[in-house]
Amino acid sequence: MARISIDPVTRIEGHLRIDVEVDRGTVQKAWASCTMWRGIETILRGRDPREGWVFAQRFCGVCTTVHAMASVRAVEDALQLEIPANAQYIRNLILIAHGLHDHIVHFYHLSALDWVDITTIPKADTARAASIADGVSTWPGNSHSELAAVQNKVKGLIGSGQLGIFSHGYWGHPAMRLSPEMNLILFAHYLQALEFQRKACQVVGILGGKTPHIQNLAVGGVMNAINLNSLATMNMDRLGMMQSLLQELVPFVQQAYFVDVCLLAASYPEWFRYGRGVANYLAVPDLPVDAKATQFDLPGGVIMDGNLASVRPVENWRDEAIRTAVAEDVTHAWYIGEGAQQPWKGKTDPYYTDFRDEGKYTWVKAPRYDGHPMQVGPLANILVGYSSGHPSTRKWTDAAFERISSINGTAVTPEALQSTMGRYLARAIRSAMLSDLALRHMELLSANILKGDDTTYNPPQFPKQEIAGVGLHEAPRGTLSHWVVIDKGIFSNYQAVVPTTWNASPRDDKGVPGPYESSLLGNPVADPEMPLEVLRTVHSFDPCMACACHTLDASGREIAQVKVL
């Protein structure tokens with residue numbers, strides 16, 4: 001039995017440590033530990049609810065926008081405050097653009113190099129690579145000249161002897177199986193993705209005033225002034241600029257990113273057998289298409305025990321089951337408290353010990369839904385949508401299955417998505433859906449403005465008595481919820497149950513592990529000194545927590561130190 005400690009896990013946001021015990025080449029036991037505490041909930045207590053979203057963005061250094069949105073939604077929920085249709089559409093466009101940016105960056109820049117060996121690219125036949133790419137996609141960035149230019153860049157980089165950010169990859173690892181031509185295609189798109197994720201950020205910046213910390217939100221709507229006759233407000237020029245950016249972005253998502261993930265899945269079909277873990281799934285509806293938020297473009301639901309036929313729809317944000325079922329346990333987290341507490345009654349009082357295998361070992365609490373761990377994220381989003389018969393989900397999921405089958409003959413099913421590779425595929429499917437919805441919500445906003453509606457804000461009125469609310473959002477990494485209690489016009493309690501809290505959950509008081517920990521059980525590890533396979537499964541969740549890897553034996557003696565990207 002060997003013990004591997006990856007601390008910190010890299011190519012993620014934040015600080016994450018993963019420990020696994022490996023016997024005969026497979027993981028037998030795992031621990032996920034978040035090693036950083038920020039205490040934003042504590043900072044928010046006593047503050048004016050109208051400014052809470054500004055502070056809440058600091059929960060994360062990457063997914064700032066989603067926390068701002070969940071925060072204002074929580075206060076609006078407590079007040080039962082409706083926001084104007086224009087505000088819904090503007091918020092939706094920010095969330096869609098942010099989601100596309102996040103998913104593109106996750107695949108290409110945070111996890112693709114777990115599968116792509118760039119050191120083989122000099123051996124690639126560029127004409128053959130262009131032929132392969134042209135056979136699966138009409139993406140113009142697949143030309144022979146483009147791929148040859150990328151190959152020359154890589155040759156120059158390798159020839160210099162200074163790989164820079166690519167210095168410490170697991171190049172030559174036996175689990176890397178792509179041909180030099182496939183590695184070239186995917187790395188060419190890695191470089192192109194740098195430009196297209198920027199276009200998504202531009203949309204967020206136009207609407208939000210800046211990014212990553214947007215400035216345009218308000219409890220009751222948004223602060224975007226609309227006047228088609230003014231150069232200083234949202235007018236036809238700005239609407240046209242956003243439309244143009246999205247029209248450039250959509251083809252990259254649908255013709256490059258979506259196709260690349262299908263190619264990867266077809267090249268590593270065995271990874272549909274690893275990484276299932278927790279088979280309970282939670283997703284909430286999002287992208288409301290009316291002012292009252294009664295209809296949504298993304299569906300929500302709950303699936304238990306991997307039984308896709310048993311999906312329970314979550315129709316709206318007032319879903320009573322979620323409000324009563326969610327609780328957080330701190331048995332193995334570095335906080336004071338006993339048992340599970342509903343977030344409205346929860347506390348965030350730190351109590352640090354050292355890392356204790358059977359005691360406290362993480363800053364992440366253990367969220368539970370009716371006492372059960374839940375997996376959240378694009379996989380939950382897609383499984384819920386597919387099982388519910390959601391047209392867009394079915395369209396893009398079936399398209400992915402057909403592509404994979406046409407490449408290697410493998411028949412992928414919705415059940416097979418419950419895996420490491422399934423999480424990558426689900427994120428690409430969701431991105432394709434969002435790319436369609438980006439143009440739809442641009443049309444909704446433009447049409448509503450052209451009707452003469454320029455309203456973007458309904459002022460809130462705060463009662464003196466105590467009120468409580470929850471703000472829900474289906475963020476890029478999954479279900480996000482901010483729970484607030486407001487008393488005499490200030491926050492008396494604030495708790496955030498975020499996607500990575502669900503997925504990186506430690507064991508609870510019954511010893512039941514969360515999704516990261518359970519998904520690693522049975523995971524292969526070919527070489528304990530190069531635990532690439534562990535990273536593949538962890539990265540498939542897109543952890544939002546931050547570059548050396550330490551390998552130890554069961555007694556804790558260090559065997560080797562391995563730097564990772």
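With ring centers used as reference points, Phe296 lies under 6.0 Å from Trp317. Aromatic pair Phe59/His482: centroids less than 6.0 angstrom apart. Between Tyr424 and His539, the ring center distance fails the sub-6.0 Å criterion. Annotation: Phe166 is in aromatic contact with Phe187 [ring centroid separation under 6.0 Å].
Each of Lys365, Gln341, Lys347 was scored for a side-chain hydrogen bond (donor to acceptor under 3.5 Å, both in side chains) with Gln495, with one residue passing: Lys365.
Ring-plane geometry between His189 and Tyr108 is classed as perpendicular, the angle between the planes exceeding 60 degrees on a 0 to 90 degree scale with a lower cut at 30.
Residues Gln57 and His67 bring no donor and acceptor atom of their side chains to less than 3.5 Å of each other. Under the 3.5 Å distance criterion, with hydrogens and angles disregarded, no donor-acceptor pair is assigned to the side chains of Thr35 and Ser33. Checked by atom type, the side-chain pair Gln255/Asn142 shows no donor-acceptor distance below 3.5 Å.
When the side-chain hydrogen bond (donor to acceptor under 3.5 Å, both in side chains) test is applied to Glu51, no partner is found at least two apart in sequence or on another chain.
Under the ring pair (Phe, Tyr, Trp, His ring centres under 6.0 Å) criterion, no residue pair touches residues 429-459, with sequence neighbours excluded.
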What pairs of donor and acceptor atoms, side-chain ones from residues 214-223 against any protein atom, are under 3.5 angstrom apart with sequence neighbours left out?
from	atom 1	to	atom 2	distance (Å)
Gln215	NE2	His213	O	2.9
Asn216	ND2	Leu207	O	3.2
Asn216	ND2	Asn224	OD1	2.8

